[in-house]
Amino acid sequence: MELINRWRAGDGRAATRLVGRHSQALARFAASAGERDGIEELVQDTFVRAFASLDSFRGASTLRTWLFTIERRLMLDRRRAERRSRETVPVEESDHVSEYGALDGLIAEEAQERVRKSLDALSPTQREVFTLRVQQGLSYKEIAEVVGSTEGAARVHYHNAIKTVKEFLKDE
Amino acid sequence: MNKCIDSDIQEMLPDLLHRALADGERQRVQAHLATCESCQEDLEVLRTVKSAAVFAPSIDVDSVVRQIPPYRTIVPATERPARTRVVSWLVAASLAVVVLGGGSILLQSNGSLASRARSQQPALRIAKVPDATKPSPPESVARSKTGMQPSIPAHPQALALAADADGLSDGSLVQLMNDMDGFDALPASEPDPVISVDSGDSL
Ligand SMILES: [Zn+2]
């Protein structure tokens with residue numbers, strides 16, 4: 001809360017420190033959740049929204065958990081908008097393939113590619129829970145806050161997810 | 001390989017990776033790991049997944065910070081957003097239409113149409129349910145509309161919704177917002193200062 005208060009008091013460097021502290025985690029969460037394009041823009045929007053409503057952040061959760069919640073909300077909005085635009089303008093299957101193919105070329109690490117594929121095998125909620133837990137190190141309580149669920153449900157999702165990912169990585 | 005039944009330990013493995021365990025817990029997990037092949041495998045999977053998280057693009061902190069307005073210029077979340085002010089204005093305007101126009105809107109659509117619409121969309125009915133027994137002449141609609149609110153496009157649904165925005169269901173609010181997005185009088189882009197948390201949805 002100290003940095004937040006300093007920013008409220010007009011210290012611009014406090015914003016730089018806050019963004020610097022959390023921006024990569026937000027980018028990783030977006031990438032892990034399956035976002036491929038515009039992750040920087042998404043992170044940007046998350047911070048703009050967060051700073052605009054900082055007064056509603058009471059410190060009950062950690063700032064990072066709160067930021068994840070905002071980012072997740074934005075991702076959902078994006079996907080809804082994408083779904084709507086897909087309904088009006090049908091996208092050729094080949095467009096998807098070439099788009100992903102180009103991105104695959106950028107991801108050189110074979111292990112990363114395997115992990116990404118294994119995450120693709122999860123349900124959206126399993127994937128969120130699993131990556132927040134494993135890549136971000138959030139507790140089950142924090143995860144429940146971010147995804148709007150319960151701790152118990154988060155634990156179940158985690159167990160199912162690791163089972164699936166383990167089998168997938170073994171088979172590869 | 002034996003299946004591990006210690007779900008407590010399994011659930012703590014990510015914390016071991018993130019060095020988030022207290023000493024006692026860490027020792028307990030490590031002691032278990034020494035004898036449990038299944039958890040050793042789990043830990044290896046978790047290591048792989050954790051290290052693969054680096055494929056996210058690196059974020060330019062300065063360019064993000066540049067987009068954040070200083071604290072004073074940000075509309076506090078407690079202040080009413082511009083959209084709400086527009087809605088309030090529309091409430092006043094639509095009430096004026098109802099009062100001045102009387103039942104003339106109903107007169108334009110026939111009675112069965114109005115009642116069918118009422119049964120289908122209960123939240124949209126405020127402005128369309130004036131006293132049907134005393135319809136006023138149709139020209140009063142034109143008079144009140146041109147006299148009261150020349151810049152508002154004809155949009156009876158949104159006007160009707162606006163008359164009772166507080167009591168609307170989520171779906172109706174979404175429809176109102178969508179309708180209002182089509183208004184020429186509104187700015188093309190508008191910050192939405194209130195963060196709403198979606199609790200039931202999943203990605
Ligand atoms: Zn075990």
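Below, each value reflects all heavy atoms present in this structure, side chains not excepted, and no hydrogens, waters or symmetry copies.
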Exercise. Tell me, out of A:Gln24, A:Gln136, A:Glu40, who's got the most heavy-atom pairs with chain B below 4.5 Å.
Key: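 Of A:Gln24, A:Gln136, A:Glu40, A:Gln24 has the most heavy-atom pairs under 4.5 Å with chain B.
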
Exercise. Check whether B:Asp60 gets within reach of chain A through its side chain, its backbone, both or neither, counting any heavy atom under 4.5 Å.
Key: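 It is neither, since no heavy atom gets under 4.5 Å.
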
Exercise. Taking all non-hydrogen atoms of both residues into account, name the closest pair between A:Ala15 and A:Trp7 and its distance.
Key: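 Scanning both residues completely, I find the closest heavy atoms to be CB-CD1, 3.5 Å.
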
Exercise. Could you tell me which of B:Asp15, B:Ile59, B:Val61 has the largest number of non-hydrogen atom pairs under 4.5 Å with chain A?
Key: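 Result: the option with the highest number of such pairs is B:Ile59.
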
Quiz item: So which of B:Val45, B:Val64, B:Leu13 has the biggest tally of heavy-atom pairs under 4.5 Å with chain A?
Solution: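 That would be B:Val64.
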
Quiz prompt | Rounded distance (nearest 0.5 Å) linking atom CG of A:Asn160 with atom CZ of A:Arg155 | solution =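 Result: 14.0 Å between the selected atoms.
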
Exercise. Flag this pair as yes if the NZ/CZ of A:Arg72 is under 6.0 angstrom from the six-membered ring centre of A:Phe29 and inside a 45 degree cone about the axis; otherwise no.
Key: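 Output no; distance or angle outside limits.
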
Practice problem: Determine the interplanar angle of the A:Trp66 and A:Phe57 rings, folded into 0 to 90°, and report it as parallel if under 30°, tilted if 30 to 60°, perpendicular if over 60°. | Solution: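 The rings of A:Trp66 and A:Phe57 sit tilted, inter-plane angle from 30° to 60°.
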
Quiz item: Does A:Glu71 come within less than 4.0 Å of A:Arg49, counting only side-chain N to carboxylate O?
Solution: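 Salt bridge between A:Glu71 and A:Arg49, a charged N being under 4.0 Å from a carboxylate O: no.
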
Quiz item: Among A:Leu18, A:Leu67, A:Val43, which one satisfies side chain to side chain contact (heavy atoms under 4.5 Å, CB included) with A:Ser23?
Solution: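 That would be A:Val43.
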
Quiz item: How about A:Arg64: does its CZ atom have over 12 heavy atoms from other parts shown lying under 6.0 Å from it?
Solution: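 Correct, the count exceeds 12.
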
Quiz item: So do A:Ile143 and A:Phe68 actually touch side chain to side chain, heavy atoms under 4.5 Å?
Solution: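 No. Closest side-chain heavy atoms not under 4.5 Å.
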
Practice problem: May I ask you to list the residues in residues 25-34 of chain B that approach chain A closer than 4.5 angstrom, counting heavy atoms only, ordered by number? | Solution: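 Checking residues 25-34 of chain B against chain A gives no residue, so none.
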
